[in-house]
Every structure is written in C-alpha cells, then in structure tokens.
Amino acid sequence: QVQLVESGGGLVQAGGSLRLSCAASGRTFSSDAMGWFRQGPGKEREFVAAITWSGPRTYYADSVKGRFTISRDNARNTVYLQMNSLKHEDTAVYYCAAVRGGRLMDPSDYQYWGQGTQVTVSS
C-alpha cells in the first residue's frame, strides 16, 4: 500500500508560478513511477507529468512541456511539480498518483491516488 499527500495548491495569477509537492509513504518502491494528473471543471482527468524511480526518466503532456518540471527528492520520499508561466486553462484539481506495471499517461492504470490539491489561475 502507498499513501500519497499533495500540497502546495492555491491561487495564482496568469504568468505566475506554483510548486506542488507529493509526499509518499508506505511501500513506495512497489511502484514503478509517480505521476501528476489534473481535472479541470467539466473535464476528464488528464495526464500532466510522470517520473520513474529508475533512471529517472520524465514525461510530459504536450500542453505543459517547457512550462512544468517534475522532480523527486529521494531523501524526503517526495515528488514535486514546478509550474511556471501558468495559464488560466491550467486551473484544475491536481492529483499525485503511483503506478506499477501500467501506462504512465493513462489515469486508469494508476493504483494509488492522493486526495488532490486545487490550483486556480486567474486570467
């Protein structure tokens, strides 16, 4: 079992920055990768970024590539999502998730999820 807790969400103006954190506990290394997903108002949950424990290797959705950076701190068992040049369309609830043996970009393949943190970008 893996427990995930997100933090760092809030209100920010367009063009601003925000850093999300995901603290992991439990059987952390039973997962192959950690990912960030988001769900905006009236939208389906979509892939944002992922990072594998081995390597590490990083992956990004085209919509955030060049603006968002996913990273990890092994000592703190924490994964981060640095979000720069935020746009109004980035407004969503952001979820941290853990996956083992699934597709990194498909939310239905992730086994563990945090409760989410709200990110609101004013236009």
**Study point:** Test item: Arg72 and Pro56 side chains (from C-beta on) under 4.5 Å apart, heavy atoms
**Key:** yes
Exercise for review: Work out which heavy atom in Tyr110 is nearest to a heavy atom in Ala50; give both atom names and the distance.
Suggested key: OH-CB, 4.0 Å
Review point. So which heavy atom on Ser31 is nearest to which on Val2, and how close?
Key: OG-CG2, 4.0 Å
Review point. Among the clusters formed by ILVMFWY side chains lying less than 4.5 Å apart, do Val79 and Met105 turn up in the same one?
Key: no
Study note, to complete from the structure: When every non-hydrogen atom of Ser85 is compared with those of Arg67, the smallest separation belongs to O-NH1, 3.0 Å
Exercise for review: List the steps, then state whether ring-ring contact (aromatic ring centres under 6.0 Å, His included) holds for Trp36 with Phe68.
Suggested key: CA-CA 11 Å; Trp36 285 98; Phe68 292 9; 9.9 Å; no
Acceptor/donor pairs from residues 91-102 side chains to any protein atom, 3.5 angstrom cut, sequence neighbours excluded:
{"from": "Thr91", "atom 1": "OG1", "to": "His88", "atom 2": "O", "distance (Å)": "2.9"}
{"from": "Thr91", "atom 1": "OG1", "to": "Val121", "atom 2": "N", "distance (Å)": "2.9"}
{"from": "Thr91", "atom 1": "OG1", "to": "Val121", "atom 2": "O", "distance (Å)": "3.4"}
{"from": "Tyr94", "atom 1": "OH", "to": "Arg38", "atom 2": "NH1", "distance (Å)": "2.9"}
{"from": "Tyr94", "atom 1": "OH", "to": "Asp90", "atom 2": "O", "distance (Å)": "2.7"}
{"from": "Arg100", "atom 1": "NE", "to": "Ser30", "atom 2": "O", "distance (Å)": "3.4"}
{"from": "Arg100", "atom 1": "NH1", "to": "Ser30", "atom 2": "O", "distance (Å)": "2.9"}

Review point. Please, which pairs that meet salt bridge (Lys or Arg N to Asp or Glu O under 4.0 Å) have at least one residue in residues 103-123, sequence neighbours excluded?
Key: Arg103-Asp106, Arg103-Asp109
**Study point:** Close aromatic pair by centroid cut-off 6.0 Å: Tyr60 and Phe47
**Key:** no
Review point. Do any pairs count as a side-chain hydrogen bond (donor to acceptor under 3.5 Å, both in side chains) and have a residue in residues 11-23, sequence neighbours left out, and if so which ones?
Key: Ser17-Asn84
Review point. Is Trp53 reachable from Ile51 through a run of I, L, V, M, F, W or Y residues, each pair having side-chain heavy atoms under 4.5 Å apart?
Key: yes
Check your understanding: Thr120 versus Gln118: any side-chain heavy-atom pair under 4.5 Å?
Key -> yes
Exercise for review: Search all heavy atoms of Ala24 against all heavy atoms of Leu4 and return the closest pair with its distance.
Suggested key: CB-CD2, 3.7 Å
Point to revise | For Tyr80, the rest of its hydrophobic cluster, which grows through side-chain links under 4.5 angstrom | key: none
Check your understanding: So how far is it from Ser108 OG to Arg45 CZ, rounded to the nearest 0.5 Å?
Key -> 11.0 Å
**Study point:** side-chain contact (heavy atoms from CB on, under 4.5 Å) involving Asn77 - partner list, sequence neighbours excluded
**Key:** none
Review point. If you look at every heavy atom in Leu81 and Ala49, which pair is closest and at what distance?
Key: CD1-CB, 4.2 Å
Check your understanding: Nearest 0.5 Å, what's the CD-CZ distance between Glu44 and Phe37?
Key -> 13.0 Å
Exercise for review: With sequence neighbours left out, write down each residue that passes side-chain contact (heavy atoms from CB on, under 4.5 Å) with Gln115, or none if nothing qualifies.
Suggested key: Glu6
Point to revise | Verify same cluster id: Leu104, Met34 (apolar side-chain graph, 4.5 Å) | key: no
Point to revise | Nearest-0.5 Å distance, OG1 of residue Thr117 to CG of residue Leu20 | key: 6.0 Å
